[in-house]
Enquirer: 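Below you'll find the structure I mean.
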Number of protein chains: 2
Amino acid sequence: MNALLSHTEENYLKTLIKLVLENANSEAGTNELASHLAVKPATANDMLKKLKEKGLVSYEKYGKINLTNQGTKIALEIIRKHRIWETFLYEKLDFSWDEVHDVAEQLEHIKSDKLIDKLEKFLDYPEFDPHGDPIPNKEGKFKVQHKTTLAEIAVGKSCKMIAVKDNSNSFLQYVVKVGLGINNEIKVLSRQDYDAMMLIEVNGQQSSVSQKFAENIFVVFD
Amino acid sequence: MNALLSHTEENYLKTLIKLVLENANSEAGTNELASHLAVKPATANDMLKKLKEKGLVSYEKYGKINLTNQGTKIALEIIRKHRIWETFLYEKLDFSWDEVHDVAEQLEHIKSDKLIDKLEKFLDYPEFDPHGDPIPNKEGKFKVQHKTTLAEIAVGKSCKMIAVKDNSNSFLQYVVKVGLGINNEIKVLSRQDYDAMMLIEVNGQQSSVSQKFAENIFVVFD
DNA sequence: TTTATTTGTTAGATACCTCTAACTTTTATA
DNA sequence: TATAAAAGTTAGAGGTATCTAACAAATAAA
Ligand SMILES: [Mn+2]
Ligand SMILES: [Mn+2]
Ligand SMILES: [Mn+2]
Ligand SMILES: [Mn+2]
């Protein structure tokens with residue numbers, strides 16, 4: 001059934017589904033794909049032909065790229081594995097928030113349905129990973145949370161942090177430094193007209209954060 | 001320091017150390033290596049040149065193959081990872097005896113010292129894997145047990161099973177079926193002169209086992 | 001609507017890992 | 001010791017994943 005893909009092919013699918021999901025227009029381009037995978041457009045183009053040949057992506061020459069149903073299914077399986085492994089590393093092995101991603105990038109390619117299912121059970125069926133991202137279940141379904149960014153919360157209002165948008169190590173470390181974490185209550189005390197710098201309060205601690213920072217914190221209204 | 005090796009290179013080193021250790025004469029041959037890796041001798045020969053170039057194996061044209069100190073160090077690290085992962089799968093995820101090996105073959109190539117050290121701690125520093133094989137520590141040291149095979153135990157004597165020699169799925173499943181497991185006490189009731197078939201008793205259960213079977217069960221005297 | 005810029009594609013090359021077929025060296029056997 | 005068998009090596013080739021450089025198409029700007 002699952003036509004044994006290489007690490008590389010899996011990484012292309014995973015990147016494609018991320019682009020397709022966040023692009024809103026539900027499609028991706030060659031250059032965009034290449035840059036996210038840190039390869040040259042020519043390389044990505046070759047791989048796209050191969051993935052099309054295998055029925056995992058649909059696209060025509062000079063057209064936009066989409067995943068087929070089969071491609072989407074596989075991509076979600078990889079995301080599922082990635083997030084379950086991140087949860088394992090964080091919950092059981094005491095890895096920190098910013099350390100889990102790189103190792104999960106390797107672990108997500110381990111081929112064993114039994115392994116990931118048993119790991120999921122061992123973790124007691126987690127629904128979200130350490131960054132607040134939803135973990136797809138075996139059927140590829142996951143909890144969709146209505147989320148806003150901290151940048152959009154009005155002055156005087158409170159909200160709860162549920163996830164981060166940027167998953168880079170430097171951002172994650174910065175978030176920790178500011179005293180923020182998943183499920184923390186955040187109160188917006190003020191916002192500058194000039195540059196949208198915000199003063200926020202978390203656990204009684206006040207911090208000043210930039211617009212760029214606030215745009216990468218996902219929150220829900222209280 | 002550790003010049004990032006490919007999965008393939010790591011598998012060659014791991015196979016080499018096994019051959020070198022079990023060959024007693026402490027060396028291996030090209031054909032032998034190739035057959036263990038399920039590749040053709042020509043392929044193994046190419047890789048040997050490459051590993052020699054990298055300073056991991058020492059050998060001269062038409063001569064015998066040995067690992068260098070650096071090659072030995074890396075090979076032991078891979079074995080360490082393999083056995084720690086097997087222990088994790090068996091102890092924490094309820095994998096059975098015969099299921100752990102194949103998944104560990106993949107997991108052993110994950111590159112993260114932190115991961116394997118934290119996993120080792122999580123498992124409370126195990127010294128032996130589920131098959132009774134010793135787990136090298138970070139320095140590559142491991143417990144050496146003086147072991148004999150069941151085939152060598154005299155009639156009327158008892159011994160304790162400490163490991164299996166053959167790690168194949170079919171053998172492991174057979175061992176379970178016979179009612180045997182690590183740390184079981186085995187009493188040798190009789191042995192046929194003709195074909196060395198043995199009658200043994202384990203946990204009050206009597207079984208008849210072949211010489212080939214007995215030669216693959218490692219035991220220690222009581 | 002012509003031109004410039006961005007985006008995407010092709011051609012040709014390299015590194016890695018593998019193979020088959022032919023050859024050479026070493027070891028075992030008669 | 002001459003010959004046969006086994007073990008090991010080389011040459012030549014193919015698939016995958018990558019690159020650079022040159023080209024083509026689509027889109028944005030003038
Ligand atoms: Mn991640
Ligand atoms: Mn995550
Ligand atoms: Mn094993
Ligand atoms: Mn084992």
Side-chain angles (χ1 to χ4, degrees), chain A residues 2-16 19-20 23 25-67 71 74 78 105-106 108-109 111, chain B residues 2-16 19-20 22-67 71 74 78 105-106 108-109 111:
Chain A
N2 264 6
L4 252 69
L5 301 179
S6 68
H7 284 205
T8 309
E9 292 168 321
E10 290 192 345
N11 281 333
Y12 274 86
L13 293 182
K14 191 182 59 164
T15 304
L16 272 174
L19 293 180
V20 162
N23 275 5
N25 41 321
S26 279
E27 49 184 36
T30 306
N31 287 1
E32 192 185 17
L33 175 61
S35 95
H36 275 78
L37 284 160
V39 298
K40 301 298 171 193
T43 308
N45 191 262
D46 282 350
M47 182 59 88
L48 284 172
K49 287 181 194 163
K50 192 172 150 198
L51 293 175
K52 182 188 177 181
E53 197 55 43
K54 292 193 176 190
L56 303 174
V57 311
S58 72
Y59 95 115
E60 299 305 326
K61 211 166 158 178
Y62 290 107
K64 288 296 176 183
I65 311 158
N66 275 288
L67 286 164
I74 296 175
I78 302 161
E105 285 290 309
Q106 297 182 63
E108 72 190 4
H109 301 293
K111 264 112 185 150
Chain B
N2 266 7
L4 253 67
L5 302 180
S6 67
H7 284 204
T8 309
E9 291 169 321
E10 290 191 346
N11 282 333
Y12 274 86
L13 292 181
K14 189 182 60 164
T15 304
L16 272 173
L19 293 179
V20 161
E22 81 190 15
N23 275 5
N25 41 321
S26 279
E27 50 185 35
T30 306
N31 287 2
E32 191 185 18
L33 175 61
S35 93
H36 276 79
L37 284 160
V39 298
K40 301 296 172 196
T43 307
N45 191 262
D46 281 351
M47 182 58 90
L48 284 171
K49 287 181 192 162
K50 193 172 149 197
L51 293 175
K52 182 187 177 182
E53 196 56 42
K54 292 193 175 189
L56 303 173
V57 310
S58 73
Y59 96 118
E60 297 307 325
K61 212 167 158 177
Y62 291 106
K64 288 297 177 183
I65 311 157
N66 276 286
L67 286 164
I74 296 175
I78 301 162
E105 284 291 311
Q106 297 181 62
E108 72 190 5
H109 300 295
K111 266 118 185 144

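Residue numbers start from 1 in every chain, and the chains themselves are labelled A, B, ... in the order their sequence lines are given, proteins ahead of strands. Bear in mind that the values here come from a model prediction, so they are computed numbers and not experimental data.
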Enquirer: Tabulate protein N/O versus nucleotide N/O from nucleotides 10-14 of chain D, keeping only pairs under 3.5 Å, one per line.
Expert:
from   : atom 1 : to    : atom 2 : distance (Å)
D:dT10 : OP1    : B:K61 : NZ     : 3.0
D:dT10 : OP2    : B:K49 : NZ     : 2.8

Enquirer: Calculate the interatomic distance between A:I65 atom CD1 and C:dT7 atom P; express it in whole Å.
Expert: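 Answer to the nearest Å: 13 Å.
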Enquirer: Would you say D:dT9 has OP1 or OP2 under 4.0 Å from some side-chain N or O of B:T30?
Expert: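 Yes, because at least one side-chain N or O of B:T30 sits under 4.0 Å from OP1 or OP2 of D:dT9.
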Enquirer: What is the separation between atom CE on A:M47 and atom P on D:dC19, rounded to the nearest whole Å?
Expert: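 Going from CE in A:M47 over to P in D:dC19 covers 11 Å.
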Enquirer: Measure from the side-chain heavy atoms of B:Y62 and tell me the nearest of C:dT18, C:dT24, C:dG8.
Expert: C:dT24
Enquirer: What's the CD-P distance between A:E60 and C:dT9, to the nearest Å?
Expert: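 Going from CD in A:E60 over to P in C:dT9 covers 11 Å.
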Enquirer: Over how many whole Å does the gap from A:E27 atom CD to C:dT7 atom C1' extend?
Expert: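 Roughly 14 Å, once rounded to whole Å.
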Enquirer: Of the nucleotides D:dG8, C:dT20, D:dT18, which has the atom closest to the B:K64 side chain?
Expert: D:dG8
Enquirer: Looking at A:E105 and A:H109, what are the two nearest heavy atoms and their distance?
Expert: O-CD2, 3.0 Å
Enquirer: Can you tell me how far C1' of D:dC23 sits from NZ of A:K40, to the nearest Å?
Expert: 18 Å
Enquirer: Are B:L16 and B:L56 close enough that some pair of their side-chain heavy atoms sits under 4.5 Å apart?
Expert: no
Enquirer: Just N and O in the side chain of A:Y12: are any of them under 4.0 Å from OP1 or OP2 of D:dT18?
Expert: yes
Enquirer: Does the pair B:E60/B:K52 count as a salt bridge with the N-to-O cut at 4.0 Å?
Expert: yes
Enquirer: So, are B:E32 and B:K64 salt-bridged, with charged N and O less than 4.0 Å apart?
Expert: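 A salt bridge is absent here (no side-chain N lies under 4.0 Å from a carboxylate O).
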Enquirer: Would you mind reading off the distance between A:N31 atom CG and C:dT5 atom P, rounded to a whole angstrom?
Expert: 17 Å
Enquirer: Once you round it to whole Å, what is the distance between P of C:dC16 and CG of B:N11?
Expert: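 To the nearest whole Å, that distance equals 17 Å.
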Enquirer: In this structure, how many angstroms lie between the P atom of D:dG8 and the CG atom of B:L37, rounded?
Expert: 14 Å
Enquirer: Using the six-membered ring wherever Trp is involved, compare the ring planes of B:H7 and A:H7 and label them parallel, tilted or perpendicular (cut-offs 30° and 60°).
Expert: perpendicular
Enquirer: Provide the closest heavy-atom pair for A:I65 versus A:G29 in the form atom of the first, atom of the second, distance.
Expert: CD1-C, 3.5 Å
Enquirer: Do you know which two heavy atoms are closest between A:L5 and A:K111, and how far apart they sit?
Expert: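 Taking A:L5 first and A:K111 second, the nearest heavy atoms are O-NZ, 2.9 Å.
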